[in-house]
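Encoded as structure tokens, the structure appears first; notes follow it.
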Amino acid sequence: QVQLVESGGGLVLAGGSLRLSCAASGRAISNYAMGWFRQAPGKEREFVAAISRSGGYTYYADSVKGRFTISRDNAKNTVCLQMNSLKPEDTAVYYCAADRRVGVQLTPEAYDYWGQGTQVTVSS
């Protein structure tokens with residue numbers, strides 16, 4: 001089992017940047033595809049970005065493509081989400097998740113382990 005802890009959230013003005021980190025413990029994240037999801041008040045949890053075990057493949061929601069970048073450092077057991085050109089509609093709790101399946105999944109139901117989330121608030 002892997003434990004995930006997110007950090008790096010906060011309050012930022014529209015157009016600003018934040019870098020979220022996800023620190024894993026318990027098992028090496030090289031065994032998992034990793035994803036970032038977000039959930040705004042009153043909305044369902046939605047896919048943001050995902051990365052394959054090796055880091056060679058990345059996937060993004062259309063709403064963040066070109067603005068967000070997911071990366072991983074298997075040696076440090078961490079995954080990051082660099083968020084640029086932030087918009088008020090990016091406001092949500094952001095979650096890091098790990099998936100044991102082969103391949104990379106883009107739906108939250110496919111992920112096995114979750115962090116507690118970190119709040120990102122973008123003001124206009």
Single-linkage hydrophobic cluster, 4.5 Å side-chain cutoff, [X] and [Y] together:
X	Y	result
Y95	Y32	no
Y111	Y57	yes
I29	W36	yes

(message) Check this for me: K43, atom NZ, are more than 12 non-hydrogen atoms of other residues, nucleotides or ligands nearer than 6.0 Å?
(response) no
(request) Please indicate whether R101 has more than 12 foreign heavy atoms, meaning atoms of other residues, nucleotides or ligands, lying under 6.0 Å from its CZ. (result) yes
Flag side-chain contact, heavy atom, 4.5 Å: [X] against [Y]:
X	Y	value
R100	V2	no
M34	L4	yes
Q1	S25	no
V79	I70	yes
L86	L18	yes
V93	R45	no
F47	Y59	yes
R72	C80	no

(message) As a quick check of understanding, evaluate side-chain contact (heavy atoms from CB on, under 4.5 Å) for R19 and S71, giving each step before the final call.
(response) CA-CA 11 Å; R19 184 175 179 84; S71 61; 4.0 Å; yes
Locate the shortest heavy-atom distance separating [X] from [Y]; write the atom from each residue and the value.
X	Y	value
S30	N74	CB-ND2, 3.8 Å
S124	P88	CB-CG, 3.8 Å
S52	V104	CA-CG2, 3.7 Å
A92	A40	CB-N, 3.8 Å
N84	S17	OD1-OG, 2.9 Å
T118	G9	OG1-N, 3.2 Å

If I take atom [atom1] from residue [X] and atom [atom2] from residue [Y], how far apart are they, to the nearest 0.5 angstrom?
X	Y	atom1	atom2	answer
K65	T58	NZ	OG1	9.5 Å
E6	Q116	CD	CD	4.5 Å
D99	R53	CG	CZ	6.5 Å
M83	L20	CE	CG	3.5 Å
R38	E89	CZ	CD	8.0 Å
R27	Y113	CZ	OH	7.5 Å

(request) Give a yes or no answer on whether the side chain of T91 reaches the backbone of V122 with a donor-acceptor pair at less than 3.5 Å. (result) yes
(request) On the 0 to 90° scale, with breaks at 30° and 60°, tag the F37-W114 ring pair as parallel, tilted or perpendicular. (result) tilted
(request) Describe, in one word, how the ring planes of Y94 and F68 are oriented to each other, choosing from parallel (under 30°), tilted (30 to 60°) and perpendicular (over 60°). (result) tilted
(request) Using only heavy-atom distances, determine whether the side chains of D73 and T78 contain a donor-acceptor pair under 3.5 Å. (result) no
(message) Regarding K87 and D90, does a basic nitrogen lie under 4.0 Å from an acidic carboxylate oxygen?
(response) no
